[in-house]
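Each remark here refers to the structure printed beneath this line.
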Protein chains: 4
Amino acid sequence: MVETLLEATARVLVREGYEGTTTNRIAEVAGVSVGSLYQYFPNKDSLVTELMERHVGEMMAVFDEKFEELEDVDMPKAVRALVEAAVRAHAVAPELHRVFVEQVPRYGNFDVVREAESRIEKGLRGFLERRGAETAPEDAGLAAFLVFRTVEASTHAAVLERSEHLTDGRLVEELTALVLRYLLPRTTTGHSR
Amino acid sequence: MVETLLEATARVLVREGYEGTTTNRIAEVAGVSVGSLYQYFPNKDSLVTELMERHVGEMMAVFDEKFEELEDVDMPKAVRALVEAAVRAHAVAPELHRVFVEQVPRYGNFDVVREAESRIEKGLRGFLERRGAETAPEDAGLAAFLVFRTVEASTHAAVLERSEHLTDGRLVEELTALVLRYLLPRTTTGHSR
Amino acid sequence: MVETLLEATARVLVREGYEGTTTNRIAEVAGVSVGSLYQYFPNKDSLVTELMERHVGEMMAVFDEKFEELEDVDMPKAVRALVEAAVRAHAVAPELHRVFVEQVPRYGNFDVVREAESRIEKGLRGFLERRGAETAPEDAGLAAFLVFRTVEASTHAAVLERSEHLTDGRLVEELTALVLRYLLPRTTTGHSR
Amino acid sequence: MVETLLEATARVLVREGYEGTTTNRIAEVAGVSVGSLYQYFPNKDSLVTELMERHVGEMMAVFDEKFEELEDVDMPKAVRALVEAAVRAHAVAPELHRVFVEQVPRYGNFDVVREAESRIEKGLRGFLERRGAETAPEDAGLAAFLVFRTVEASTHAAVLERSEHLTDGRLVEELTALVLRYLLPRTTTGHSR
DNA sequence: AATGAATGAGCGTTCATTCAT
DNA sequence: TATGAATGAACGCTCATTCAT
C-alpha cells in the first residue's frame with residue numbers, strides 16, 4: 001500500500017507538477033480511496049517527503065558504491081570514479097529528480113538533500129586531507145566545497161539539458177580533467193593539446 | 001503602484017514562501033486593495049514573473065559590467081573578472097534569489113532565467129574560441145558549459161551557505177584558480193604549495 | 001443529494017432571483033457544504049440547466065399525455081384537448097416557470113425549451129396536415145406556428161396574471177373557440193351570440 | 001452625454017449580453033470615463049431601465065400610429081391595422097428587443113413593459129366594446145386579453161425566428177385571418193379553400 | 001482495514017461604485 | 001464638469017482533510 005501510494009505520488013508529480021498533485025488524484029492513480037491514503041500518511045507533504053527520502057537514498061546508494069573506490073586508487077582514477085558516481089546517481093530517476101528540484105517548495109523536506117550533500121562534501125574533504133601531500137589546494141574544506149558543487153552542478157545540468165554528452169562519455173572525460181587539474185596542477189592531465 | 005506591488009510581492013514571497021503568497025496578502029502588505037492589484041497585473045503569476053524578470057535583469061546588469069572586461073586582459077585577469085562578476089550578481093538580492101530558486105515552480109516564468117544563462121554560456125564560448133590558441137579544452141562549447149555551471153553553482157551555494165568565504169575573498173581566489181588551471185593547465189597557476 | 005440540491009436551487013431561484021442565486025447560498029439552503037455541491041455538479045449553471053431540463057420534461061410529460069388524444073377525435077374535441085394540455089403543462093410549477101422565463105439569461109440552457117417547442121409545433125403541423133381536408137389554412141406549417149404561439153402565450157400569460165380565468169374554465173373555453181374558428185371557419189363554433 | 005451612454009449601453013448589451021455588460025465597458029464604448037457615467041445615472045440598472053423605457057416608447061409610438069386607424073374603418077381593416085402595427089413595433093429594434101426579453105432579469109424595469117401591454121389591452125377592450133354588436137366574444141376583456149397575447153406572441157416569435165414570413169406578408173395575412181375569424185365567426189373571412 | 005461522501009476555509013478574481021484631483 | 005485610480009464585498013470554485021459506515 002505504502003509502495004503503491006508512493007509510486008502513484010511519483011507518477012502524478014512527474015505528470016502534473018507539484019501544484020497539480022492532489023491527494024485525491026494520488027489515491028485515484030494508486031487505485032485506492034483517499035481515506036486509505038490518510039491511514040498511511042498523515043498529510044500530503046509526508047508523501048512527498050517520504051518519496052524524496054527514498055529517492056535521495058537511492059541516489060546515495062548508487063553514489064556510495066563508486067565513492068568507496070576512491071581510497072585505494074591513484075588520483076586520476078579516484079576523480080574519475082567520483083565523477084562517474086555523480087553521473088550514475090543523477091541517472092537513477094531523472095524525471096523525478098527534476099520535479100523535486102523544479103517544482104517542490106523547499107522546507108523541511110529538503111533536509112534529507114542537505115544531509116546527503118553534507119555527507120558527500122565531508123567525505124570529499126576527508127579524502128582530500130588524506131591525500132594532502134599530493135594535492136594543490138591548501139584549504140581542504142574549501143576545495144571539497146568547490147569540487148562537490150562543480151561536479152554536482154555539471155552532472156545535474158547535463159542530465160537535464162545535455163544528455164548527449166552523458167552517453168558519449170565526453171562529459172565525464174572533461175569534468176574529470178577539470179577537477180584533476182585543479183587538484184594536481186603540476187602534472188599534465190587529461191587531453192591537452 | 002507597480003513598484004509598490006512588486007516590492008510587496010517580494011516581501012511576501014520571502015516571508016511566507018510561494019504557497020503563502022496570496023493576492024490579498026500582497027495587496028494588504030502593499031497597502032492597497034486587491035482591486036488595484038488587478039488593475040496593474042492581470043493575475044497572480046504575472047507579479048511573480050515580472051519580479052523575476054527584473055531580478056534577472058539586475059543580476060545580468062551587474063554581471064555584464066564586469067563581463068565586458070574579459071576581452072582586453074590576460075587569462076588570469078579575465079577569469080578573475082568572470083568569477084567576481086558572478087559573485088556580485090548573486091549578491092544583488094540573495095533572499096529574493098533564494099525564494100525564486102527554492103519556492104517558485106518552474107514554468108514559463110523561468111524562460112528569462114534560461115535565456116540569461118544561455119546568453120552567458122554563449123558569451124563564454126565565444127571568449128574561449130577567441131582565445132583558442134592558449135586554452136587547453138578542445139571543445140569550446142563543452143568547456144563553456146562546464147565553466148559556467150561551475151562558477152554559477154559555486155557562487156550560488158556560497159551566497160546561500162558560505163557567505164563567510166565571500167567576504168574574505170577566499171572563494172573568488174580559489175574558484176579563479178580552479179577555472180584557470182582547467183583552461184591553462186601548463187602554467188603553474190594560483191597559490192599551489 | 002442531487003434532488004436536495006436541485007430543490008434548493010429552485011427555492012433560491014424563486015426567492016432571490018437568478019442574480020441572487022449563489023452556489024454558497026444553494027448549498028446553505030440544501031443544508032450541505034459547497035464542496036458537496038461541486039461533487040455532484042461541475043458548476044453553477046449545470047444546476048440551473050439540469051433544473052430546467054427536468055422542469056421542461058415534466059411540462060412535456062403532462063402535455064404529451066393529453067396531446068395524444070388528438071388523433072381519434074373530432075376537431076372541436078382535439079382543439080380543446082390541445083388547449084387543456086397547454087394549461088395543465090403551465091400549471092405544473094408556475095413559480096419556477098416564471099423564474100426561468102423572467103430571470104435566467106438564455107444561452108445553451110434554453111436549447112431544451114427550443115427543442116420542446118419545436119417538437120410540439122411539428123406535431124401540430126403533422127396533425128393539421130392529416131386533417132387537411134377539413135381545415136381552412138392552406139399552409140399547415142404557418143398555421144401550426146400561429147396556433148402554437150397563440151396557445152402557448154395565452155396559457156402562459158393566464159397562469160402568471162389571470163389565474164382566475166384558469167380555474168373557472170373560461171380561458172380554456174374561449175381559447176378553444178378562437179383556435180377552432182381559425183381552423184374551421186365555416187362551422188359556427190363556440191358560444192357566439 | 002446621456003444619449004452617448006445609452007447608445008453604448010445598447011451596443012454592449014447586444015454584443016455581450018446582460019452579464020457581460022459592465023459599467024466600465026459601457027463607459028469605454030461611450031468614450032467617457034466611468035465617473036461621468038455616474039454623474040448622469042445613479043447606477044447600472046438605471047441605464048438599462050432608461051434604455052428600456054425609450055425602447056418601449058419607440059415601439060409604442062410606432063404601434064399607436066397605426067392603432068389610431070382602428071376606429072373609423074371596418075373590422076377587417078381594423079384587425080389588419082392592428083396586426084401591422086404589432087409587426088412594425090417589433091421591427092423597431094429587434095436585436096435590442098431580443099436582449100431585453102432574453103437577457104435582462106425582470107424587476108421594476110419591466111413595469112414600463114407591463115404598463116404598455118396593459119394600455120394596449122385596455123385599448124383593445126374599448127375597441128371591442130364599442131364594436132360589441134358585430135363581434136362574437138361575449139367577454140370583451142377576455143377577448144382583448146386573448147387577441148393581444150396572440151398578436152404579440154406571433155409577431156414577437158416571427159421577428160425572432162420566422163423573419164421570412166414577415167417580409168413576404170404571409171404572417172400578417174394569416175394572423176389577420178385568425179383574429180378576424182375569432183371576432184367575426186359568421187362571415188367567411190380570409191383565404192379559405 | 002478500507003471507503004468515499006462530506007466538509008469548509010480560503011483561494012484568485014470581478015465589477016459596481018466612490019472620490020480626490 | 002470630467003476623470004479614472006482605487007476600493008472591497010462577494011463571487012465561483014478547489015482541495016487537504018475527516019469520519020460515519
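As the structure is a prediction and not an experimental result, all values here were calculated from the model. Below, read A as the first sequence line, B as the second, and so on, with proteins coming before strands; counting in each chain starts at 1.
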query = Got a sec, which residues hit side chain to side chain donor-acceptor pair (under 3.5 Å) with A:Ser118, two or more places apart in sequence or on another chain?
reply = A:Lys122

key: With sequence neighbours excluded, residues passing side-chain contact (heavy atoms from CB on, under 4.5 Å) with C:Val32   = C:Met1, C:Leu5, C:Ala27, C:Ala30, C:Ser36

message = Test of understanding: with side chain to side chain donor-acceptor pair (under 3.5 Å), list the residues that count as partners of A:Glu161, not counting sequence neighbours.
response = none

remark   = Sorted by chain and number, sequence neighbours left out, side chain to side chain donor-acceptor pair (under 3.5 Å) with D:Tyr40 holds for none

request  = Please identify each residue that fulfils salt bridge (Lys or Arg N to Asp or Glu O under 4.0 Å) with D:Arg106, with sequence neighbours left out.
outcome  = none

inquiry  = Is there a side-chain contact between A:Thr23 and the phosphate of F:dC15, meaning an N or O under 4.0 Å from OP1 or OP2?
reply    = no

task = Scan side-chain atoms only and decide if D:Glu102 and C:Tyr107 contain a donor-acceptor pair under the 3.5 Å cut-off.
result = no

inquiry  = My understanding is that only residues two or more places apart in sequence, or in another chain, count here; which of them pass ring-ring contact (aromatic ring centres under 6.0 Å, His included) with A:Phe100?
reply    = A:His55

message = I need the residues from residues 5-12 of chain D with at least one non-hydrogen atom less than 4.0 Å from DNA chain E; give them sorted by number, or say none.
response = none

task = Could you check whether B:Thr21 gets within reach of a base, just the sugar-phosphate, or nothing at all, counting any heavy atom under 4.0 Å?
result = sugar-phosphate

ask   = For B:Glu117, what residues pass the salt bridge (Lys or Arg N to Asp or Glu O under 4.0 Å) criterion, not counting sequence neighbours?
value = B:Arg149

Per-pair distances, 0.1 Å, donor-acceptor, side chain in residues 45-53 of chain B, under 3.5 Å, sequence neighbours excluded:
unit_1: B:Asp45; atom_1: OD1; unit_2: B:Tyr18; atom_2: OH; d: 2.9
unit_1: B:Ser46; atom_1: OG; unit_2: B:Asn43; atom_2: N; d: 3.4
unit_1: B:Ser46; atom_1: OG; unit_2: B:Asn43; atom_2: O; d: 2.6
unit_1: B:Thr49; atom_1: OG1; unit_2: B:Asp45; atom_2: O; d: 3.0
unit_1: B:Glu50; atom_1: OE2; unit_2: B:Arg54; atom_2: NE; d: 3.0

request  = Establish, with yes or no, whether the OP1 or OP2 oxygen of E:dT14 is under 4.0 angstrom from a side-chain nitrogen or oxygen of B:Tyr38.
outcome  = no

note = Quick tally for nucleotides 4-10 of chain F: nucleotides whose base has a protein heavy atom under 4.0 Å get B, sugar-phosphate-only ones S, the rest -, giving BBBBBB-

ask   = Which residues satisfy the side chain to side chain donor-acceptor pair (under 3.5 Å) test with A:Thr4, sequence neighbours excluded?
value = none

message = Taking Watson-Crick (N1-N3 plus N6-O4 or O6-N4) and G-U wobble (N1-O2, O6-N3), each under 3.5 Å, can you produce the dot-bracket string of DNA chain E? Use [ ] for crossing pairs and | for inter-strand ones.
response = .||||||||||||||||||||

